[in-house]
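Notes follow once the structure below has been shown.
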Amino acid sequence: MIRLLARPRPVPFSSKILRRDLRASVTDGSCYSLMVGLGETYFGAFFIAAGIGNFSIGLLATLPILLGSVLQMITPWGIRRLGSYRAWAVLGAGLQAASLLVLAGLCWMQQTGFWTILTVMVLYWGSSMAVGPAWNTWMEFVIPRAIRTRFLSSRMRICQFCLLVAVCAGGLLLRNADQALMVFAGLFLAAGMLRLISSTLLGKHTEQPHWLANHQQLALQAGADSGLGASIRQTVPFFVAIQFAVYISGPFFTPFMLRGKGMDYGAFMLLIVLGYAGRVLTLHWASEVARRWGPGRLLWLGTLGLIPLSGLWVFHHWYLALVLIQLIGGVAWGFYELAVSLVFIERIPGHLRARVLSVFGVMNGLAMVGGSLIGGWIVFAMGSSLNGFLMVFVLSSVVRCCALGLFPRAIFDQAAPQRISIAENLGVATPHVNGRPLVRPFTILPDANRPEDGIPADEIHDAGRLDGSMAIAEEPVLTVRPARSA
């Protein structure tokens with residue numbers, strides 16, 4: 001680990017080194033996706049198995065993300081202090097793995113009190129969210145623009161398959177478990193080991209010393225001018241308002257299904273998979289909308305689809321209705337998340353990305369905690385009754401509708417990204433029960449104005465022929481990772 005944290009040294013470029021980086025990235029992304037599917041996906045179910053109350057579940061689903069986003073604010077300083085994107089990413093991934101291993105030990109010893117779990121969750125989210133800005137900026141240099149689209153498209157498919165396998169495996173193990181906490185101990189142990197492998201592979205990626213120096217020079221030249229357009233300044237309040245509205249109901253979907261309705265883990269797992277499948281299947285369709293009419297109209301359509309979703313859970317008596325809602329929800333969240341990613345990636349300069357997204361993460365964390373406190377208070381005041389949950393779901397839809405008043409009209413003036421193959425370039429690692437708002441967009445888009453970094457065309461061709469096989473960005477550009485939401 002100490003060697004992996006060392007400052008980068010100049011490495012002469014060769015197609016052999018590029019091939020090694022691409023292989024390491026594919027395996028890293030696969031291990032990361034398996035970790036998410038086995039561990040992060042089932043955090044909400046674990047809270048229930050640990051006997052955490054409904055109000056406290058809302059806090060566990062949001063408060064660690066807020067505290068983690070505050071810790072994420074040190075990311076720009078940490079990168080400068082270590083003098084390396086790679087070292088910071090490896091350190092964060094290692095701490096994330098450690099948090100999962102600690103969680104596995106707590107499950108094994110059945111020491112699953114609220115404050116203990118909260119402490120571990122803060123470490124998990126803080127370390128995970130700190131990796132994102134560094135990883136995305138770093139990969140912009142590692143993967144040459146000439147092969148980036150094809151490579152990320154292939155990697156996306158591999159990681160999505162790994163994620164789906166992990167989600168199904170976790171659900172089946174929990175469904176047949178006599179002692180759920182023991183199964184969670186095994187799941188978190190496996191997830192932690194996979195993240196350790198992932199962090200080791202991150203350390204095998206190439207990093208040149210001048211990459212960080214170039215971005216630091218650009219930041220100094222920019223000075224106080226953020227270079228952010230009106231669409232970003234107007235869009236951020238809207239995104240935060242949607243986050244607040246979603247989290248009035250979001251943290252309480254899992255306790256409603258598993259505790260309120262007594263749904264078994266197998267049926268619950270199917271809902272997770274369907275929500276994810278609906279999102280993946282709509283990715284190409286959403287990208288066509290973005291190409292033709294720009295991210296503004298894509299965001300508008302996605303938001304309209306999000307408004308009624310939580311309110312539709314009043315039809316919870318029919319499982320077929322839940323299945324349809326999940327598929328529809330996947331489509332709506334696919335539109336919304338792709339639009340969010342395009343707005344932020346296109347409008348935030350690379351040298352400002354870590355700082356801007358760190359601040360944005362804190363704002364979203366505050367919105368999430370505020371929404372969950374309101375929803376938790378309603379559920380608690382009504383004795384965790386069925387009507388209390390349903391009131392929270394309907395209220396969330398009403399607030400989402402009110403948030404439309406903040407919709408940024410300036411975003412409609414943003415040109416459609418004519419030169420970007422969006423469907424092949426963007427994807428998300430995390431499944432969602434009814435969408436994960438403002439999650440994990442996804443990877444860096446090709447910079448059409450940047451040269452090929454001096455890489456010979458024949459070497460790029462050889463490297464791209466190797467195994468253009470990658471899937472989602474291993475870490476998000478937006479670093480808010482909400483819990484499953486209704």
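The first residue of the sequence shown is numbered 1, and numbering continues consecutively from there. In what follows, every heavy atom counts, from backbone to side chain, and hydrogens, waters and symmetry copies are set aside.
Taking both residues in full, the closest heavy atoms of Ala97 and Gly192 are given as CB-O, 3.5 Å, listed atom of the first, atom of the second, then distance. Nearest heavy-atom pair, Val131 versus Ala89, reported as atom, atom and distance to 0.1 Å: CG2-O, 3.7 Å. Closest heavy-atom contact between Ala166 and Ser33: CB-O, 4.5 Å. Looking at every heavy atom in both residues, Gly171 comes nearest to Tyr42 through N-OH, 3.1 Å. Closest heavy-atom contact between Gly305 and Leu309: O-CG, 3.4 Å. For His205 against Arg86, the heavy-atom pair with the smallest separation is O-NH1, 2.9 Å.
Applying the side chain to side chain contact (heavy atoms under 4.5 Å, CB included) criterion to Tyr319, with sequence neighbours excluded, gives Met263, Ala267, Leu270, Leu271, Leu322, Val323. For Phe335, the ring pair (Phe, Tyr, Trp, His ring centres under 6.0 Å) test picks out Trp285, with sequence neighbours left out. For Thr62, the side chain to side chain contact (heavy atoms under 4.5 Å, CB included) partners are Tyr247, Pro251, Met368, Val369, Ser372, not counting sequence neighbours. For Phe188, the ring pair (Phe, Tyr, Trp, His ring centres under 6.0 Å) partners at least two apart in sequence or on another chain are Phe43, Phe46, Phe184. By the ring pair (Phe, Tyr, Trp, His ring centres under 6.0 Å) test, Tyr265 is found to be paired with no residue, residues two or more places apart in sequence or in another chain being considered. Residues passing the side chain to side chain contact (heavy atoms under 4.5 Å, CB included) test with Leu67, sequence neighbours excluded: Leu63, Val122. Here Leu60 pairs with Phe47, Ile52, Phe114, Ile117, Leu118 under the side chain to side chain contact (heavy atoms under 4.5 Å, CB included) rule; sequence neighbours left out.
With rounding to the nearest 0.5 angstrom, the CG atom of Leu201 is 5.5 Å from the OG1 atom of Thr27. Between the CE atom of Met35 and the OG atom of Ser199 there is a distance of 11.0 Å, given to the nearest 0.5 Å. Between atom CG of residue Asp28 and atom SG of residue Cys159 there is a gap of 8.0 Å, rounded to the nearest 0.5 Å. Distance CZ/Phe252 to OG/Ser396: 10.5 Å, rounded to 0.5 Å. The distance from atom CG of Leu38 to atom CG of Leu189, rounded to the nearest 0.5 Å, is 10.5 Å. Note: Leu106 CG to Leu181 CG = 10.5 Å, rounded to the nearest 0.5 Å.
A donor-acceptor pair is defined here as one N or O able to donate and one able to accept, closer than 3.5 Å; such a pair exists between the side chain of Trp88 and the backbone of Ala130. A donor-acceptor contact shorter than 3.5 Å links the side chain of Ser127 to the backbone of Gln96. Remark: the backbone N or O of Leu306 is paired with a side-chain donor or acceptor of Arg400 at under 3.5 angstrom. With Thr303 contributing its side chain and Leu299 its backbone, the two residues share a donor-acceptor pair below 3.5 Å.
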What's the verdict on side chain to side chain donor-acceptor pair (under 3.5 Å) for Thr206 and Arg20, showing C-alpha distance, side-chain angles and the deciding distance? CA-CA 9 Å; Thr206 300; Arg20 184 198 65 188; 3.1 Å; yes
Taking it one step at a time, do Asp21 and Lys204 satisfy side-chain contact (heavy atoms from CB on, under 4.5 Å)? CA-CA 7 Å; Asp21 286 345; Lys204 294 183 180 298; over 6 Å; no
Evaluation steps, side-chain contact (heavy atoms from CB on, under 4.5 Å), between Tyr336 and Phe239: CA-CA 10 Å; Tyr336 182 82; Phe239 290 159; 3.5 Å; yes
Walk me through it: do Trp333 and Val246 pass the test side-chain contact (heavy atoms from CB on, under 4.5 Å)? CA-CA 12 Å; Trp333 281 112; Val246 166; 3.8 Å; yes
Candidate pair Met269 and Cys168, rule side-chain contact (heavy atoms from CB on, under 4.5 Å), full reasoning: CA-CA 7 Å; Met269 173 204 69; Cys168 292; 4.1 Å; yes
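Side chains of Phe244 and Asn364 form no contact here, defined as non-hydrogen atoms less than 4.5 Å apart. The closest side-chain heavy-atom distance from Leu174 to Leu187 is below 4.5 Å. For the pair Leu34/Leu163, no side-chain contact is recorded, criterion being any heavy-atom separation below 4.5 Å from C-beta on.
Within 6.0 Å of atom CE in Met193, 12 or fewer heavy atoms from other residues, nucleotides or ligands are found, so the atom counts as exposed in its surroundings.
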